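The structure displayed is predicted, hence computed values, not measured ones.
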Amino acid sequence: MGFPLIGETLSFFVTSNSIDMHPFVNERLKRYGPLFKTNIAGRPVAVSSDPEFNYFVLQQEGKLIELYYVDSFSQTVHNDNLRNLGGYFQRYLRRSILRHFGHEPLKRKLLSEFEDVINHELHKWTNLPEVDVKRQTVPMLFDLTSQILMSHKPEKNLGEDLNNMLQSIMTFPLYIPGTAFYKCIQKKRKAIKLTTWVLEERMKGYSYDNSAEGCNKKGDFLDEIVGNIGKEAFLTKEFVPFLLFGLLLATVETISPTTTLATMYLLDNPSALQQLTEEHEEILKNREGANSGLVWEEYKSMTFTRYVINETLRLENLLPGMLRKVIADIHVDDR
């Protein structure tokens, strides 16, 4: 393989705490342009930062490309099963998640639940000498997501274990005591033990007949998944705990750093913070009851808040990239 290949691989897996583009990609963009070839862990890789080409490629899901996960991520989430899941699984999962996290659930109950939990957490923050926003939001997000997914509130430190796990996943996959990847796998096993126990408890006395009395149903995401075990080939008793873990991890490792970046950007831009504060104070002033909770109409009226969210999402760079496997030749500029 040679030293250049090893060097490329190690450069990619070096963790960067910067919110800018990963140094591995940035250096090669300057040298080779927006589309270049390299090697990662012994595999040939093409890297693109060209928006038009990336848009074209993502429209070819299932035609020219398919989902691909680095070995360390596959091993963390579910070994070989994840590599074999295609576009149908992704569409199934998206539909299922929207049924429990989408507009209708938000209107019906989630907004008020989120507000209660966040207000409680913010009140606790007032007693702290300083606040690490990313670390402090992880347990809160983990508890909320656990409740919505599987109606279960886990032990306190389990959510904290997921903090920065994504960075550990993207390290070089050496399963040796002391390495970041080894620690990541140990934390994963602890989380999988929880999700396996929740699944087993849910399936005890579970009735697939919705009219049955006394069946062990909560009406949550896990109920839907359990009801489809045996109906969908990819949903097995062995895979579901890993699926739940993956969703918990994805929630914590995306919303937590996004919230942190939004906080940082607002503190660096006092005028934006002032405008955001005024928008929310206006909503509070127009409420009929001072102690009434957030409602859907108020949420939809938060125009500047949406601007802040969208700008944060535009500026953030939480992942080194989206990986796809080429299944047919893709020609670029007649090449």
- Task: Spell out, as yes or no, whether a donor-acceptor pair under 3.5 Å connects the side chain of Glu115 to the backbone of Leu294.
- Result: yes
- Message: Rounded to the nearest 0.5 Å, what separates atom CD in Glu311 from atom CZ in Arg314?
- Response: 4.0 Å
- Task: Please round to the nearest 0.5 Å and tell me the distance separating atom CZ of Phe142 and atom CG of Leu249.
- Result: 9.5 Å
- Task: Verify the ring-centre separation between Phe101 and Phe221: is it less than 6.0 angstrom?
- Result: no
- Determine whether Leu235 and Val226 make a side-chain contact, defined as any pair of heavy atoms from C-beta on separated by less than 4.5 Å. no
- Query: What do the steps show when you test Leu276 against Thr305 for side chain to side chain contact (heavy atoms under 4.5 Å, CB included), and what is the final call?
  - Reply: CA-CA 6 Å; Leu276 182 68; Thr305 302; 3.3 Å; yes
- Note on the structure: Of all heavy-atom pairs linking Gly102 and Pro105, the shortest is O-CD, 3.1 Å
- Item | CG/Asn127: more than 12 non-hydrogen atoms of other groups inside 6.0 Å | yes
- Item | Co-membership, hydrophobic cluster, residues Met203 and Phe234, 4.5 Å side-chain | yes
- Message: Under 6.0 Å between ring centres: does that hold for His152 and Trp197?
- Response: yes
- Validation row: Ile309, Thr258 side chains within 4.5 angstrom (heavy atoms): no
- Indicate yes or no for a side-chain donor-acceptor contact from Ser292 to the backbone of Glu288 under 3.5 Å, with no hydrogens or angles considered. no
- Evaluate whether atom NZ of Lys107 has more than 12 neighbouring non-hydrogen atoms of other residues, nucleotides or ligands under 6.0 angstrom away. yes
- Item | Nearest atoms (heavy-atom pairs only) where Pro270 meets Leu267 | CD-O, 4.4 Å
- Message: Please enumerate all residues that pass salt bridge (charged side-chain N to carboxylate O under 4.0 Å, His left out) together with Glu232, with sequence neighbours excluded.
- Response: none
- Query: To the nearest 0.5 Å, what is the distance between OG1 (Thr145) and CE (Met140)?
  - Reply: 9.5 Å
- Quick check: are there more than 12 heavy atoms from other residues, nucleotides or ligands sitting under 6.0 Å from CZ of Phe304? yes
- Ile97 side chain near Arg94 side chain, heavy-atom distance below 4.5 Å: no
- Message: Rounded to the nearest 0.5 Å, what separates atom CD in Glu279 from atom CD in Gln275?
- Response: 7.5 Å
- Roughly how far, to the nearest 0.5 Å, is CD1 of Ile148 from CG of Leu222? 13.5 Å
- Item | Main-chain N/O of Glu52 paired to Asp50 side chain as donor or acceptor, under 3.5 Å | yes
- Do the charged groups of Arg287 and Glu298 touch, with an N to O distance under 4.0 Å? yes
- Message: Are Leu261 and Leu315 packed together at the side-chain level, in the sense that at least one heavy-atom pair is separated by less than 4.5 angstrom?
- Response: no
- Output yes when a side-chain donor or acceptor of Thr260 lies under 3.5 Å from a complementary backbone atom of Lys134, and no otherwise. yes
- Note on the structure: Heavy-atom closest pair (Ile225 atom, Val240 atom, distance to 0.1 Å) is CG2-CG2, 3.6 Å
- Message: Between Asp220 and Ser151 (side chain of the first, backbone of the second, donor and acceptor by atom type, cut-off under 3.5 Å), is there such a pair?
- Response: yes
- Short side-chain to backbone donor-acceptor contact, Ser256 and Glu253, under 3.5 Å: no
- Ile283 and Ser301: side chain to side chain contact (heavy atoms under 4.5 Å, CB included), yes or no, with the steps? CA-CA 9 Å; Ile283 290 173; Ser301 72; 3.8 Å; yes
- Pair Thr196-Leu199, side chain to side chain contact (heavy atoms under 4.5 Å, CB included): steps then yes or no: CA-CA 5 Å; Thr196 300; Leu199 175 63; 5.8 Å; no
- What's the spacing between Leu149 CG and Ser96 OG if we round to 0.5 Å? 11.0 Å
- Task: Report the C-alpha distance between Glu104 and Arg99 in whole Å, list the side-chain angles of each, state the deciding distance to 0.1 Å, and finish with yes or no for salt bridge (charged side-chain N to carboxylate O under 4.0 Å, His left out).
- Result: CA-CA 8 Å; Glu104 287 306 315; Arg99 278 193 284 271; over 6 Å; no
- Task: Decide yes or no for Gln136 and Leu128: does some side-chain heavy atom of the first lie under 4.5 Å from some side-chain heavy atom of the second?
- Result: yes
- Query: Going through the distances and angles, do Val47 and Phe36 end up as a side chain to side chain contact (heavy atoms under 4.5 Å, CB included)?
  - Reply: CA-CA 5 Å; Val47 179; Phe36 61 89; 3.5 Å; yes
- Query: Is the shortest heavy-atom distance from the side chain of Ser271 to the side chain of Gln274 under 4.5 Å?
  - Reply: no
- Parallel, tilted or perpendicular: which describes the rings of Phe56 and Phe53, with under 30° parallel and over 60° perpendicular? tilted
- Query: Quick one: does Leu111's side chain get under 4.5 Å of Val295's, heavy atoms only?
  - Reply: no
- Query: Do the side chains of Leu244 and Val198 get nearer than 4.5 Å, heavy atoms only?
  - Reply: no
- Item | Donor-acceptor pair, side chain of Arg306 and main chain of Lys300, under 3.5 angstrom | yes
